[in-house]
Amino acid sequence: MPTPQLDKTYSPHDVEDRWYQRWIDAGLFHADTTHPGQPYSIVIPPPNVTGSLHVGHALNNTLQDILIRWRRMQGRNTLWMPGMDHAGIATQNVVERHLQAEGTSREALGRDAFLQRVWQWKEKSGGTILSQLKRLGASCDWERERFTMDEGLSEAVREVFVRLHADGLLYRGERLINWCPRCLTALSDIEVEHEEITGKLYTIRYALADDPAQVLLVATTRPETLLGDTAVAVHPEDERYRHLIGKQVRLPLTTRTIPIVGDAILVDREFGTGAVKITPAHDFNDFEAGERHGLPRIKILDIHAHLRMGASLAESAVAEAVEGLPVAKARPKIEQLLIDQGRMEKTESHKMALGKCYRCKTVVEPLLSDQWFVKIKPLAEPAIQAVEDGRVRILPDAWKNNYLGWMRDIKDWCVSRQIWWGHQIPAWYCETCYGSPFLRRTSDGAPLIPSDAAAIVAKSKPAACSKGHSDALVQDPDVLDTWFSSALWPFSTLGWPKQTPELKMFYPTSTLVTGLDILFFWVARMIMMGLKFMGEVPFRDVYIHALVRDAEGQKMSKSKGNVIDPLHVMEQFGTDALRFTMAAMASPGRDVKLAEERIEGYRNFTNKIWNAARFLLMHLDGERVTVSPAQGSFPDRWILSRLNATIRTVTQELEQYRFDRASSALYQFIWHEYCDKYIEMIKPALKEQASEQAKTTRQTLVETFETMMRLLHPFMPFITEEIWQTLPHEGASIVRRPYPTLRADWDSPDAEQEFSLLEECRGLMNQERAILNYPAGKRLHFKVHGKTDHASTTFQKYRELIEYMENVDNLLVGSSSEVTAPHLLTLTSGSAEVGTSMEGADLQKAKDNVLKQLALLQKEAARTQQKLGNPDFVSKAPPEVLTDHHDRLARESRMIQLFEQALQQIISEQKHNHTA
RNA sequence: GGGCGGAUAGCUCAAUUGGGAGAGCGCUGCCCUUACAAGGCAGAGGUCACAGGUUCGAUCCCUGUUCCGCCUACCA
């Protein structure tokens with residue numbers, strides 16, 4: 001058989017493209033509902049259609065791919081369901097920017113034409129991330145790719161909406177919501193990011209209406225909202241203010257007077273002045289307080305967060321000064337006006353949290369508007385139970401409490417968004433019933449649905465309203481939160497609401513792999529929806545991986561310029577190196593700090609593997625003979641035993657999602673045991689190409705290498721396939737070959753014990769070289785004595801092997817007296833005694849080395865002795881610890897003795913040289 | 001404000017439930033030895049953040065402090 005030749009260094013490029021294409025062509029990633037294996041399924045956390053691959057995706061998807069490839073090789077019926085979400089706000093932003101560049105706008109196009117444009121954009125430039133995932137080697141079932149705006153998934157959304165509504169879990173109402181004045185839409189609570197900033201606390205003088213000389217000091221961080229104040233609150237038990245409750249104050253900068261109310265919930269007597277202004281239309285607390293006291297709500301901000309007030313609300317000069325200004329500009333004006341009118345008591349610097357839109361970082365405003373909400377408590381309850389009783393496992397366990405805490409305190413979910421791209425809310429309103437046509441919004445022409453209009457919720461447009469009117473039914477213009485459709489992902493992608501074979505086979509899915517940042521956004525909501533609509537949890541295990549940061553621990557962001565681009569990394573070091581880095585650094589509960597040097601290190605690892613394969617191919621020529629493992633040579637028995645141990649470790653660690661430990665076991669085995677030790681040990685045998693030993697060794701070499709490739713394949717799919725194909729193998733692709741399992745006949749405790757004897761012996765040899773400062777190239781003669789019969793026969797048996805490994809001539813395995821003969825330096829360990837000639841050594845230096853060692857040993861021995869001399873220790877420590885310490889002391893004393901002997905040997909050699 | 005996690009070699013991290021701390025990368029020295037210089041061999045390097053406490057004994061358990069993260073929150 002001709003032996004294939006490989007290049008001297010591994011070049012990942014063409015290998016990766018070539019194999020990925022072949023895997024796809026062969027349909028190796030396709031899941032089949034008739035497959036007999038036990039199902040194993042993962043749904044991908046759908047990336048945004050606008051997204052492109054960053055390191056976080058690389059980590060997330062590498063881990064998923066490792067699981068999927070591993071389970072696939074184990075014979076499970078695996079499905080990795082890929083797809084994207086439509087990213088309502090983000091995508092609309094992207095397309096609107098394009099329109100703006102063309103000098104037009106979505107309003108000018110109209111809703112239908114705009115949506116057409118979005119679809120066009122999606123077809124052309126959306127979803128580049130999916131091709132990037134393919135470069136990463138992701139073995140998704142691309143034939144089943146889904147998109148949240150697909151017809152099937154849209155149907156699922158409508159179904160869910162209608163059923164939630166029918167069950168009383170969905171309602172429309174006027175509430176104060178978080179509003180992004182740039183995206184012009186409502187946001188859910190968790191879409192608001194809180195940022196700590198240092199702002200100002202203003203203390204303003206409110207004069208009493210019936211006695212303007214008396215002033216009530218009110219503290220606020222938002223003086224401009226004073227124009228919308230409808231009361232001032234004090235604590236009802238606050239001695240300072242109690243008598244004022246029920247009186248009126250003059251609202252500065254306006255012609256209005258507002259009441260002073262007592263409110264124990266809103267007011268913290270300790271904070272500020274103990275008096276709070278109430279702006280029910282622009283603050284969440286004030287909204288509640290307003291409800292308690294029946295206060296009017298005065299809106300002073302429009303949807304752009306610009307001040308808009310009726311002429312009656314403020315003094316005309318004030319209104320003129322701030323009308324139409326954004327909040328940030330209005331605030332200093334108001335501040336100045338208050339100062340001018342002598343109403344500003346003081347301003348202090350003040351730390352506070354500012355809410356920002358998580359998409360565009362614009363400061364969000366609480367805004368009063370009509371929105372749809374999911375009544376969440378009844379959904380959350382079973383979702384809490386599912387995690388509490390372990391039907392869903394959250395790993396690492398530490399995040400479980402995080403989840404439970406949030407779920408127990410969950411608030412209703414605002415699901416309507418005032419944008420066009422997304423699932424339009426399946427609710428209609430009858431203008432005829434309402435009595436008059438709805439007002440049209442001037443900005444985009446969409447209907448403005450009045451608060452009191454009755455919604456008809458249905459999967460498709462109803463023929464008529466309940467009273468039979470059919471001519472003027474108007475659909476709600478809003479769309480649903482993207483996360484609403486993402487929440488259905490584990491079952492909507494499998495065909496729900498249809499009862500498909502896929503749904504039956506793959507739901508609940510096995511594992512969800514995701515980052516902590518979307519635990520609430522996504523994971524929690526999937527659990528709620530899965531339980532509600534499937535009656536079963538959506539996944540068994542939720543594995544939460546770390547966030548990827550840069551080498552300094554900073555969050556990667558484009559503005560900081562510290563982004564590591566995974567595409568660039570793959571280009572430079574290869575995909576397998578990137579993947580292995582991701583796996584190796586995925587320690588649970590920790591952030592991943594990524595530096596390029598690490599990836600380079602694993603690139604070197606791929607090259608090491610590559611060259612080991614080259615070695616193998618160079619030595620493959622000739623007959624191969626299979627013998628039972630027990631009859632194999634010592635290196636063969638040893639490597640099979642080590643391989644078996646590695647199979648055990650890797651499998652166990654993967655079962656526990658310890659990608660880090662699994663990969664380090666692989667690294668350790670492949671590089672240090674297989675390459676450094678095994679390959680070195682078999683070189684002499686292979687040189688005698690025609691020998692019996694070469695025949696069996698070649699067989700083991702091939703067999704272990706082939707197994708090793710399969711073991712590594714989930715981590716490094718490309719290089720393993722490329723090499724595996726050049727080895728004798730069965731099957732068309734490594735992708736579907738069985739994952740290595742334990743072989744009882746491979747375990748060889750004998751070989752492992754013999755190996756450690758050899759290492760012990762070599763350790764002594766190295767130590768002598770070091771003490772005597774012999775250069776590495778110097779040919780040395782060693783004499784070795786085995787202190788037990790077993791050690792003695794082992795050294796005898798593997799004399800040539802030791803010579804070869806240590807690069808020495810004429811290793812003499814003999815008696816103790818031979819090893820301690822004059823002019824030799826002798827060192828001893830538990831089982832071995834090794835001597836070598838001191839001829840030509842720098843004895844003074846050697847002496848220094850030994851003295852240094854001796855000092856260290858003496859220090860340690862003294863410590864042990866001291867401990868053993870402590871009566872408390874002796875009487876209270878457990879017996880095994882005591883014997884351990886006695887053993888230690890004995891060992892240390894022995895070592896001291898031996899080093900003293902070595903010292904004497906050196907000294908007498910010095911004398912000898914002197915006299916000679 | 002509340003909660004959680006972390007602090008171990010120059011760097012990144014390990015360490016089966018308290019009994020002299022390990023690995024990778026980096027560093028130093030010597031080697032281009034026919035698989036691999038993206039390599040080999042050898043080596044140096046630690047007051048386990050700080051202060052108390054429990055214990056015969058603490059990197060590990062407890063308390064406090066400092067620093068760093070993250071999550072959460074309506075002190076205007």
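Below, all heavy atoms of this structure are taken into account, side chains as well, without hydrogens, waters or symmetry copies. Reminder, nothing fancy here: chain letters follow the sequence lines and each chain counts from 1.
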field: Nucleotide of B:G19, B:C36, B:A76 approaching A:V267 most closely (side-chain heavy atoms)
entry: B:A76
field: Distance, rounded to the nearest Å, where A:R658 contributes CZ and B:A14 contributes P
entry: 8 Å
query: Going by an N to O cut-off under 4.0 Å, is there a salt bridge joining A:E860 and A:R863?
result: no
field: Check: A:Y602 ring centre within less than 6.0 Å of A:F573 ring centre
entry: no
message: Would you say A:R661 places a side-chain N or O within less than 4.0 Å of OP1 or OP2 belonging to B:A15?
response: yes
task: Answer yes or no: is there a donor N or O on one side and an acceptor on the other, between the side chain of A:E768 and the main chain of A:L827, under 3.5 Å?
output: yes
message: What's A:S875 touching, base or sugar-phosphate or nothing? Going by heavy atoms closer than 4.0 Å.
response: nothing
Distance, rounded to the nearest Å, where A:K400 contributes NZ and B:G5 contributes C1': 18 Å
- request: Look at the side chain of A:D676 and decide which nucleotide, out of B:C41, B:G20, B:G24, has an atom nearest to it.
  value: B:C41
message: Classify A:A770 by what it touches in the nucleic acid, base, sugar-phosphate, or nothing, heavy-atom distance under 4.0 Å.
response: nothing
- prompt: Can you check the A:E680 CD to B:A35 P distance for me, whole Å?
  reply: 8 Å
field: Set of residues satisfying side-chain hydrogen bond (donor to acceptor under 3.5 Å, both in side chains) with respect to A:H235, sequence neighbours excluded
entry: none
- prompt: Base, sugar-phosphate alone, or nothing: which one does A:F520 contact when heavy atoms must sit under 4.0 Å apart?
  reply: sugar-phosphate
message: Distance check, C1' atoms only: B:A15 and B:U63, in whole angstrom units.
response: 25 Å
query: In whole angstrom, what separates A:L764's CG from B:A42's P?
result: 13 Å
query: In what stems does RNA chain B take part, counting only runs of at least 3 consecutive Watson-Crick or G-U pairs whose two distances fall under 3.5 Å?
result: B:1-7 with B:66-72, B:10-13 with B:22-25, B:27-31 with B:39-43, B:49-53 with B:61-65
- prompt: If you look at every strand shown and take non-hydrogen atoms under 4.0 Å, does A:P871 touch a base, only sugar-phosphate, or nothing?
  reply: nothing
- request: Please work out if A:G355 contacts a base, only the sugar-phosphate, or nothing of the nucleic acid, heavy-atom cut-off 4.0 Å.
  value: nothing
message: Taking salt bridge (charged side-chain N to carboxylate O under 4.0 Å, His left out) as the definition, give me every residue that meets it alongside A:R642, ordered by chain and number, with sequence neighbours left out.
response: A:E673, A:E752
query: Are A:D848 and A:K852 ion-paired here, with the side-chain N under 4.0 Å from a carboxylate O?
result: no
field: N/O (side chain, A:K277) to phosphate O (OP1/OP2, B:A76) under 4.0 Å
entry: no
field: B:G29 to B:U12 separation - C1' atoms, rounded to the nearest Å
entry: 25 Å
field: Shortest side-chain distance from A:H350, nucleotide among B:G20, B:A76, B:G19
entry: B:A76
- request: Please determine if a side-chain N or O atom of A:K8 lies less than 4.0 Å away from the OP1 or OP2 oxygen of B:A37.
  value: yes
message: Between A:Q689 and A:H619, is the side chain to side chain donor-acceptor pair (under 3.5 Å) condition met? List the steps.
response: CA-CA 8 Å; A:Q689 209 189 7; A:H619 293 87; over 6 Å; no
- prompt: Picking from B:C70, B:A73, B:U72, which would you name as closest to the side chain of A:H194?
  reply: B:A73
task: Check whether any side-chain nitrogen or oxygen of A:K876 sits under 4.0 Å from OP1 or OP2 of B:G19, and answer yes or no.
output: no
- prompt: So which nucleotide from B:C56, B:G24, B:A35 ends up closest to the side chain of A:N870?
  reply: B:C56
task: Just compare B:C56, B:A35, B:G20 and give me whichever is closest to any side-chain atom of A:R888.
output: B:G20
message: Using whole Å, what does the distance between atom C1' of nucleotide B:C56 and atom CD of A:Q866 come to?
response: 12 Å
field: Per A:A353 side chain, nearest of listed nucleotides B:G24, B:A73, B:C36
entry: B:A73
task: Report the glycosidic orientation of B:G10: syn if within 90° of 0, anti in every other case.
output: anti
task: Using the P atoms only, state how far B:C62 lies from B:G43, rounded to an integer number of Å.
output: 39 Å
task: For residues 225-236 of chain A, pull every pair meeting salt bridge (charged side-chain N to carboxylate O under 4.0 Å, His left out), keeping only residues two or more places apart or in separate chains.
output: A:D229-A:K277
message: With a cut-off of less than 4.0 Å, is there a side-chain N or O of A:K683 near OP1 or OP2 of B:A35?
response: yes
query: Taking only residues two or more places apart in sequence or in another chain, which ones pass salt bridge (charged side-chain N to carboxylate O under 4.0 Å, His left out) with A:R269?
result: none
- request: Quickly work out the A:L519 CG to B:C71 P distance and round it to whole Å.
  value: 12 Å
message: Applying a 4.0 Å non-hydrogen cut-off, can you work out what A:I278 is touching in the nucleic acid: base, sugar-phosphate, or nothing?
response: nothing
query: When you measure from the side chain of A:N607, which nucleotide among B:C36, B:A76, B:G20 comes out closest?
result: B:C36
Presence of A:N604 side-chain N/O under 4.0 Å of B:G39 phosphate oxygens OP1/OP2: yes
RNA chain B: 5'-proximal contact among A:D268 and A:Y667 (nearest heavy atom): A:Y667
- request: For B:G40, take OP1 and OP2 only and decide whether either is under 4.0 Å from a side-chain N or O of A:W671.
  value: yes
query: With sequence neighbours excluded, what pairs up with A:A583 under the side-chain contact (heavy atoms from CB on, under 4.5 Å) test?
result: A:I66, A:F659, A:S663, A:F715
field: Given RNA chain B, 5'-ward residue of the pair A:H672 and A:F615, judged by closest heavy atom
entry: A:H672
message: Regarding A:E806, tell me which of base, sugar-phosphate or nothing describes its non-hydrogen contacts under 4.0 Å with the strands shown.
response: nothing
query: Side-chain N or O of A:N402 less than 4.0 angstrom from OP1 or OP2 on B:C71?
result: no
- request: Return the nearest nucleotide to the side chain of A:T221; candidates are B:C56, B:U72, B:A76.
  value: B:A76
